[in-house]
**Student:** 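Pasting a structure here, questions to come.
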Amino acid sequence: AVQLMESGGGSVQAGGSLKLSCRVSGSTYSWMCLAWFRQSPGKEREGVAHILIGRGTTTYADSVKGRFTISLDKPKATMYLQMNNVESDDTANYYCAAGHSYAGYCRPESSDYANWGQGTQVAVSS
């Protein structure tokens with residue numbers, strides 16, 4: 001099993017930056033996907049960014065492309081989400097997750113991810 005623990009959430013002004021971290025422990029493998037999801041009250045959980053452990057291939061939701069960057073530091077077993085030029089719509093609880101890839105592709109479907117962190121809250125003020 002994979003254990004995940006997020007950190008780095010907090011309050012930030014619109015246009016500012018924030019960096020989330022996710023410590024990954026347990027058994028991982030090259031075709032596993034790591035991902036960041038977010039959920040705000042009254043909305044469905046949304047896949048924000050995904051990375052394939054082996055190749056480092058990344059995918060992003062259209063809403064964050066050009067603003068957010070997902071990365072993985074393998075020696076530190078830590079995944080990051082660099083959030084730049086944040087907007088009020090980025091306010092949510094952010095979760096890191098681990099799951100399966102399909103044909104070398106990480107899908108933004110929460111059902112593909114079996115392991116989840118407890119979440120960290122991000123609040124963007126205007």
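Given the structure is predicted, the values throughout are model-derived calculations rather than measurements.
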**Student:** Please give me the minimum heavy-atom distance between V12 and S17, naming the atom from each residue.
**Tutor:**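 Result for this residue pair: CG2-O, 3.7 Å.
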**Student:** Between atom SG of C33 and atom OH of Y102, what is the distance when rounded to the nearest 0.5 Å?
**Tutor:**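 Reported to 0.5 Å precision, the distance equals 9.5 Å.
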**Student:** Would a 4.5 Å heavy-atom cut-off, applied to side chains only, mark E46 and Q39 as touching?
**Tutor:**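 E46 does not reach Q39 side chain to side chain.
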**Student:** Taking atom CD1 of I51 and atom OG of S71, what is their separation to the nearest 0.5 Å?
**Tutor:**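 So the gap between those two atoms works out to 6.5 Å.
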**Student:** Side-chain contact test, heavy atoms from C-beta onward, threshold under 4.5 Å: evaluate it for V24 versus L34 and give yes or no.
**Tutor:**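 Side-chain contact under 4.5 Å: yes.
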**Student:** With rounding to the nearest 0.5 Å, note down the distance linking OG in S110 to CZ in R45.
**Tutor:**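 So the OG of S110 and the CZ of R45 are separated by 6.5 Å.
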**Student:** Could you state whether L52 and F68 fall into the same hydrophobic cluster, counting links through intermediate Ile, Leu, Val, Met, Phe, Trp or Tyr residues with side-chain heavy atoms under 4.5 angstrom apart?
**Tutor:**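 The answer is no; the residues belong to distinct hydrophobic clusters.
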**Student:** Which heavy atom of L18 sits nearest a heavy atom of G10, and at what distance?
**Tutor:**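 Between these two residues, the closest heavy atoms are CD2-N, 4.0 Å.
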**Student:** Tell me whether V2 shares a hydrophobic cluster with Y113, the cluster being built from Ile, Leu, Val, Met, Phe, Trp, Tyr side chains joined at under 4.5 Å.
**Tutor:**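 Looking at the clustering, Y113 is in a separate group from V2.
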**Student:** Is the side chain of T78 donor-acceptor paired with the backbone N or O of K76 at a distance under 3.5 Å, no angle test?
**Tutor:**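 Present.
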**Student:** Identify the heavy atoms of G47 and A61 that sit nearest to each other, and give their distance.
**Tutor:**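 Here G47 and A61 meet closest at O-CB, 3.4 Å.
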**Student:** So do the side chains of Y60 and R67 get within less than 4.5 Å of each other, counting heavy atoms only?
**Tutor:**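 With C-beta onward as the side chain, the pair stays apart.
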**Student:** Can you give me the closest heavy-atom contact between H50 and P108, atom names plus distance?
**Tutor:**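 Closest pair (atom of H50, atom of P108, distance): NE2-CA, 3.3 Å.
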**Student:** Give a yes or no on whether the backbone of A92 and the side-chain of R38 come within a donor-acceptor separation of less than 3.5 Å.
**Tutor:**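 Looks like no, no N/O pair under 3.5 Å.
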**Student:** When you check the gap from the basic side-chain N to the acidic O, do E6 and R23 get nearer than 4.0 Å?
**Tutor:**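 Looking at E6 and R23, the cut-off is not met.
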**Student:** Mind checking whether Y95 and L81 sit in one hydrophobic cluster, side chains of I, L, V, M, F, W, Y counted as touching below 4.5 Å?
**Tutor:**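 In one cluster: no.
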**Student:** Using only atom types and a distance under 3.5 Å, with no angle test, would you say the side chain of S30 pairs donor to acceptor with the backbone of G54?
**Tutor:**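 Such a contact is absent between S30 side chain and G54 backbone.
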**Student:** Atom CG in L72, atom OG1 in T28: separation rounded to 0.5 Å?
**Tutor:**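 These two atoms lie 8.5 Å from each other.
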**Student:** If I compare all heavy atoms of I70 with all of M79, which pair ends up nearest, and what's the gap?
**Tutor:**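 In this case the closest contact between I70 and M79 is CD1-SD, 3.8 Å.
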**Student:** Taking the side chain from S101 and the backbone from W31, do they hold a donor-acceptor pair closer than 3.5 Å?
**Tutor:**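 Flag set: sc S101 to bb W31 pair under 3.5 Å.
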**Student:** Would the distance check show the side chain of K19 and the main-chain N or O of N84 forming a donor-acceptor pair, the cut-off being under 3.5 Å?
**Tutor:**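 No.
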**Student:** How long is the gap from OG on S111 to NE2 on H100, to the nearest 0.5 Å?
**Tutor:**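 Atom-to-atom, S111:OG and H100:NE2 are 11.0 Å apart.
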**Student:** Does W116 have its ring centroid less than 6.0 Å away from the ring centroid of F37?
**Tutor:**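 Yes, they do, as the ring centres are separated by less than 6.0 Å.
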**Student:** Checking side chain to side chain donor-acceptor pair (under 3.5 Å) for the pair N85/E87: CA distance, chi angles, key distance, verdict?
**Tutor:** CA-CA 7 Å; N85 194 22; E87 304 169 351; 5.1 Å; no
**Student:** Does the side chain of Q121 come under 3.5 Å of the side chain of T91 through a donor N or O and an acceptor N or O?
**Tutor:**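 No.
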**Student:** Measure the shortest side-chain to side-chain distance between L20 and T120 over non-hydrogen atoms and say whether it is less than 4.5 angstrom.
**Tutor:**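 They are in contact (side-chain heavy atoms under 4.5 Å apart), so the answer is yes.
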**Student:** Answer with yes or no whether the hydrophobic clustering places V86 together with W36; edges join I, L, V, M, F, W, Y residues whose side-chain heavy atoms lie under 4.5 Å apart.
**Tutor:**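 Yes, it is one cluster - the side chains of V86 and W36 are joined through contacts under 4.5 Å.
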**Student:** Contact between Y29 and I53 at the side-chain level, heavy atoms closer than 4.5 Å - yes or no?
**Tutor:**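 Y29 vs I53: side chains apart.
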**Student:** Does atom CD (E44) have a neighbourhood of more than 12 heavy atoms from anything else shown, all under 6.0 Å?
**Tutor:**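 12 or below, so no.
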**Student:** Provide the closest heavy-atom pair for N115 versus L4 in the form atom of the first, atom of the second, distance.
**Tutor:**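 Looking at all heavy atoms of both residues, the closest pair is O-CD1, 3.3 Å.
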**Student:** Nearest 0.5 angstrom please: R107 CZ to D112 CG, how far?
**Tutor:**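 Result: 4.0 Å between the selected atoms.
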